Amino acid sequence: MAFDSFSDFVQMGGYGFYVWLSFFLTFLVIAGVALDAAIGRRRLQRQSKTLLRRKQRLSKRQQRQASPVGESKR
Amino acid sequence: MSSSVNSTALWRSVLVRDLRIAARRRSDALNPLLFLLMVVTLFPLGVGPGPDILARIAPGIIWVAALLATLLGLDRLFKDDYNDGSLEQLCLLSQPLAFTLTAKVAAHWLLSGLPLVILSPVLALLLNLPLDAWWALALTLLLGTPALSALGAIGAALTLQLQRGGTLISLILLPLFIPLLIFATSAVENAGMGLAVHGQLAILAAISVLTVTLAPLAMAAAVRMSMN
Amino acid sequence: MSSSVNSTALWRSVLVRDLRIAARRRSDALNPLLFLLMVVTLFPLGVGPGPDILARIAPGIIWVAALLATLLGLDRLFKDDYNDGSLEQLCLLSQPLAFTLTAKVAAHWLLSGLPLVILSPVLALLLNLPLDAWWALALTLLLGTPALSALGAIGAALTLQLQRGGTLISLILLPLFIPLLIFATSAVENAGMGLAVHGQLAILAAISVLTVTLAPLAMAAAVRMSMN
Amino acid sequence: MTQFASSAVPLLHADGVSSIRSGRVLFSQLQFAVQSGEIWQITGANGAGKSTLLRMLTGLLQPSEGRIYFNGNPIEKVRDDYHQQLLYIGHKAAVKPELTALENVYWQRRLNGDTNAKNQQQSDWDVLEQLGLLGLEEEFTGLLSAGQQRRVALTRLWCSQAKLWILDEPFTSLDVEGIALLQQRFIEHLNQGGTIVMTSHQPLNDPQLPLQQLALAAPQYEMLAS
Amino acid sequence: MTQFASSAVPLLHADGVSSIRSGRVLFSQLQFAVQSGEIWQITGANGAGKSTLLRMLTGLLQPSEGRIYFNGNPIEKVRDDYHQQLLYIGHKAAVKPELTALENVYWQRRLNGDTNAKNQQQSDWDVLEQLGLLGLEEEFTGLLSAGQQRRVALTRLWCSQAKLWILDEPFTSLDVEGIALLQQRFIEHLNQGGTIVMTSHQPLNDPQLPLQQLALAAPQYEMLAS
Amino acid sequence: MWRWLHPYAKPEATYRLVDRLLPWFAALTIISLAVGMIWGLAFAPADYQQGDSYRIIYIHVPSAIFSMGAYFGMAVMGAIALIWQIKTAEWSIPAIAPVGAAMTAIALFTGAIWGKPMWGTWWVWDARLTSELILLFLYVGVMALYYAFDDQRTGAKAAAILAMVGVVNLPIIHYSVEWWNTLHQGATITKFERPSIATSMLWPLLISLLGFMLLTATLVMMRFKNELLRHELHRPWAQKVLGTAQEAD
Ligand code: HEM
Ligand SMILES: Nc1ncnc2c1ncn2[C@@H]1O[C@H](COP(=O)(O)OP(=O)(O)OP(=O)(O)O)[C@@H](O)[C@H]1O
Ligand SMILES: Nc1ncnc2c1ncn2[C@@H]1O[C@H](COP(=O)(O)OP(=O)(O)OP(=O)(O)O)[C@@H](O)[C@H]1O
Ligand SMILES: [Mg+2]
Ligand SMILES: [Mg+2]
C-alpha cells in the first residue's frame, strides 16, 4: 500500500483531480461503447420486427394487386 | 398576395429538399465540421507549435478555412440540379427564379457557413486565439460567410454550361472575396488588441447585405442563360 | 511484349485525352492555381506586414495551400468518367486497370502539382522566404506533390459512388497527407536555417515512390468495387 | 400579331418561329396553333430540332425569330400564369438519385406548389404502385433501373393539375406495358380537357388518341447566308 | 463446370447465374449458351434485371451465384483476352460532351488499342457521315441532340474489331432511320461471324436477323428467404 | 494454411463462436483490469519525480498502445476481406473502428489531463500528440466511409481499402516522433522519454496492458455480434437469435 490513509489515496499527493478525472472519463468512454453495443442489439430487434412487418404488408398488397378486386379502385 | 405566400412555401421546400439531400447520409452532416477541424490542425503542423505565432495567424487560418469550405461544395451547388434537369424545372415554376435560387444559397450557407460560425470558438481555442478575439471572429464569420456563399453562387451559376466565359468570371469574382478577408482578419486582430472593430464589422455587414440582395439577380440571369 | 507496348500507348492516350478535356474547361484547370494565389496573397494581408513572421510560416502556408489545392479538383478526378460511362469502358480494356488509371493521376498532377512547383518561386517571393529555402521548397513540392495526387486519387476512387463525396474525400485524405506536410515543412525550415535537408528529402522521395507504385492497386480495387 | 375570334384563341400558338443554332437554320417560320384538348406529336429525324422547339414552347429558350402565344398573349409576358398551367418533362428526368422514389414524388409536388402535400402520402403510394414501383417506394432512385427511374419522373403526370403537358420523348426506356399505361393516362388527360405536345420516335399506337402531327424536316447543315 | 465437345464450346455460357440486389432476387439459376454468330435479345419488363445481366456478362459485375464462361473459360480467368473480343455499350454512352464528335471517335479508337489511329482520320469522317452526322463532326458533342449523341456513341460499332457485342438498349433516342441503319450493321456483323447480346424494349423488326430471345420474368420483390 | 478460417466465413458459425467466447473474455477483462488498476492506483510506489500523477500511466499507455493495435487489427481484417473475399472479415471493420476510436480518445484526453500538471498545458502541437489525433481522424474517416454507402458490401470494401492504405501511416506516425523531435524544437518533449521504470511499477502496467487488450477484444466482439446480426437480419437464424422469428409466420 503506497498510501497511509484513504484520504491520502483520494488526494493522490495533490494530483487527485487529474488522476480521478482521467480514470472517470476513461470509464465513461468504455461504458459508452459497451452501452452502445447493447442498445445496438435492441435496435436490431426492432429493425427485424419492422422488416417482418414490411414483408407481410408487401405480400398483402401484392395479393390485393393480383386479385381483380384491386382494380376497381378509382 | 397568394402568390407571395406560395413563394415562401416554395422557398422553404427548396431549402428543405436541399438539406434533405445533403443530409441523406448521417456522416455527411458531420463532414464539414470534421473537415474544418482538420484544416485547422494542418496549420500548426505546418507552421510549428509556437503558440504566439499561431495566435497571430489564427484569424487568417480560420478565414482561409471558411473560404475553402465555401469553395469545396460550390461547384456542386447548381451542377447536379442542372445535369439532372431539376434546374430547368425550377425555371418553369410560376415563382420568381431569383428568389427560388436564394433557397439553394441558403442551404449552402447552412451547410458550410453556419457550422463554421458555431465551431469558431473551438477553432480559436485550438489556435490559442486571445479570449477577446473570440467573439469578433464569430461575428465576422457570421457577417461574412453569407457573402461568401452568395458570391460563390454567382460563380457557380456562371460556370454552369462551361462555355468560354467561365474563367474570366471566376477571375473577376475571386478578388471580391479578398475585401471580405481583409476586413474580417483585421477586425479579429483589432479585437485581440482591444481596439474598436465597429468599422470593419459595419463594412462586412454592408458587403453581405449588398451581395445577398444583388447576387440573386445575377444568379437568375446566369441560370436562364445556361438553359439554351 | 506487344501487350506492354499497347499499354504504354494506351497510357499516353488516356493522359492526352484528359489534358485535352481539361483544356476545354479552362476554368476548371485554372481553379487550383487561382485558389493558391489567393491563399498566398491573403496571408500577408491577414497576418500583417512583419516579414519575419511571414517567412517563418511561409513553408507551412504554401504546403497547406498545396494540400488544399489538391483537394479542390479531386472529386472530379474520376467522377465525370464514372457518370458518363467512360470509366466502365476503361475497366473493360484488355490492359491492367491499375496502370491505366495512373495516366489519369498523372494528368491530375500535371494540372495541380506541376503548376505549384513552377509557381513556388513566386509564392516564396511573395512570402519573404529566405533565398536559401527557395530551392528546398521547390524540391519538396516536386517530390511531394506526386504522392499527394496518388493518395488523392485513392480517395476519389473510394468516394466515386457517393453523390456528395467532396467533404468525405478531405476527411479521408488529410490524415494521409499529414506526414508529407511534416517532412516537407521541416525540410524547408532547415534549409532556411542552413541545416542539412537530405534526410527529409529522402523520406519524401521514398513516400512518393511508395505511394505512386502502390496507390494504383488500391485505386483499381476501389474503381472496380464501385462498378456494381 | 395574328388575331383570333375570342372563342377560337388557341391555347398555344407559334407565330413564325425559327431556330438558328450555331449558324445553322434548324427550322424557320413555323406556324401552328394548338387548341385545347388536342394532342400533338412533333416528329422528325434526330437533330431535326424537336427538343429545341419544345423548349421554345416552354419559354426556356427564346426563338431566334417569331413569337409564341399562350391564350393569345406572348408567353414571356404572362410567364407566371403560363408556367402555372404547364408541365414539362424533358430529356433529363429531374429525378434526384439521392432521394427515395417516394420522396421524389413528394418533393415534386411540393415544388409545384402543392402546399398541403403532407396529407397526400397515401396517394403518393398509390401513384407509385400504379406505375409498377410497388415495393420500391423506399429504395434510392439512383439504384433503380433506367425504366424505373423514368417511371418515377412520370409520376408527375399523375400528381399535377397542369392543363398543358409538354413531353420530350416520354417513352424512353419504358417497356411495352409502361408505354400502354402512359397512353392510357394521355387519354384520361385529354378527356379532362387537357392538352399535350410531345415528341416521340415511336408511333403512338393507341387508336383512341386524337393525334395531330407536325413533321420537322431534317435540317440543312449549311452556314447561314446573311 | 459443364463440359462441351470441343466443337460445341459456346462463345458465352452462363451457368447457374443469379442476381440478388439489396436482398431481392432478380433472377436465379439462369442457364444459357450463346453460340458464335447468334444474336440474342434479352427481354423483360422495366427492372427485370436485363442491364444487370448484361453487366454480369461483361464482367463488370460479379454474379451473386454461378459463373460465366467465355470459350469455356471463366471470364475472370481470361479477362484480358475476353475484353479484347468484347464491345459493351451500356445505358451510359461514354461520350465526352467536351470533345467534338470527331475527337470522340478518335479517342475511342485510341483507347481500344488502335495505335495507328492518326492515319484513319478519313475513315472517322466516313463513319460519322454514315451515321448522319455530316457537318457536325466538329461540333461539341454536348451540344448535339439526344439522338445525335447516341449516334456518336454508336460509331464504336463501326470502328471496332471486337467479335462480341453487348449492347444495352442501343436504339434509345434513335429515329426510325437510325434504327434501320443499326439493324443493317447488326446483319453485317453477324455475317462476318460476330455475335450480339442486346436488350431492347422495341422489337427487332428486321426479318433477316436470326434472333434468339431470352425473357426475364418480372422479379418478385420479396426478402430473401434462405 | 488459411483452411481453418473457412468455417468462420459462415456468419452463423462465427456468431456461435464469438457468442461462446465472449463471456470468458469479459470475465478475464474485468479481473485483469481490476487487479491492474487497484495495484497501480493503490499499491505501486509513487514516482520520485512526478509524484502520484504518474498513475495515469496505467490507462494512458495501454489505451495508447491498443489504439494503434486495434487499427492494425482492422487493417489486417481489411486485407483478409479484400484478398480472400470473406464477408465476416468485412463486417469486423465497423466493429473494430469505434472501439479503436474510443481507445484513441482515451489516450488523447488522459494524455491531455496528464499534460496539465506536467507541462502546464492541456495541448501542445507536438508530434506524438498530433499523430494520435490523426489516428482518431483515420478512424473517423473509416467509419464515415463505411456508413456513407447505401450498399453495405461496397461500404465495407471501401473501408477495408482505406484501412489498409492508412496502415502505412502507422509506422510513419510512430517514428515521426523522433524525426520531428530532432529536427524541430525539443523543449517540451524531454519528459516524454521512457522512464527507466521500476519493476514495482512495471508489473501493474503489464497487467493493465493485458487488461486493455482483453477489453478491446471484448468490446469488439460485442459489436461484431451486432454486425453479424445486422447483415443477416433477413435470415432465420438471426431472427431466431433476436427472438423475433415467431412473428414471422
Ligand atoms: C494529449 C496528450 C498525449 C497524447 C496524445 C499521448 C499519446 C501517447 C501515445 C500514442 C503513446 C504510445 C506511443 C507508442 O507506443 O508508440 C504514449 C505513450 C506514453 N506517454 Fe503519452 N501522450 C500524451 C501525454 C502524455 C504525458 C503528459 C505524459 C507524461 C508526462 C505521457 C507519458 C507517456 C509515457 C510514459 C508513454 C509510454 C512511453 C513509450 O512506451 O513509448 N504522455 N502517449
Ligand atoms: N445549345 C446548343 N447550341 C448549339 N446547337 C445546339 C444546341 N442544342 C442543340 N443544338 C443543335 O440543334 C440541333 C437540334 O437539336 P434538338 O435537340 O432540338 O434535336 P431533336 O430533334 O430533339 O433530336 P433528337 O431526336 O435526337 O432528340 C442539333 O443539331 C444540335 O446540334
Ligand atoms: N446498384 C444497385 N443496387 C441495388 N439494386 C440495384 C442496383 N442496380 C439495379 N438494382 C435493382 O435491380 C433491378 C433491375 O435493374 P436493371 O437495371 O437490371 O433492370 P432492367 O431490366 O435493365 O430495366 P430497364 O428496362 O428499366 O432498363 C432494379 O429493381 C433495381 O432497383
Ligand atoms: Mg430531342
Ligand atoms: Mg436497363
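Every value quoted in this text rests on a predicted model; they were computed, and no experiment measured them. Letters go in sequence order (proteins before strands), and every chain restarts at 1. The figures that follow rest on heavy atoms only: side chains count, while hydrogens, waters and symmetry mates do not.
By a heavy-atom distance cut of under 4.5 Å, C:Ala218, C:Ala221, C:Ala222 are the residues of residues 216-224 of chain C near chain F, going up by number.
Taking each heavy atom of F:Ile134 and C:Pro175 in turn, the nearest pair found is CG2-CB, 3.6 Å.
In this structure, CG on F:Leu145 lies 9.0 Å from CG on C:Leu171, to the nearest 0.5 angstrom. To the nearest 0.5 angstrom, F:Phe149 atom CZ is 7.0 Å from C:Thr159 atom OG1.
When each of C:Ile172, C:Leu174, C:Leu158, C:Thr211 is checked for heavy-atom pairs under 4.5 Å with chain F, C:Leu158 comes out on top. When C:Leu176, C:Ile178, C:Leu214 are compared by the number of non-hydrogen pairs under 4.5 Å with chain F, C:Leu176 comes out ahead.
Within 6.0 Å of atom CE in C:Met225, more than 12 heavy atoms from other residues, nucleotides or ligands are found, so the atom counts as buried in its surroundings.
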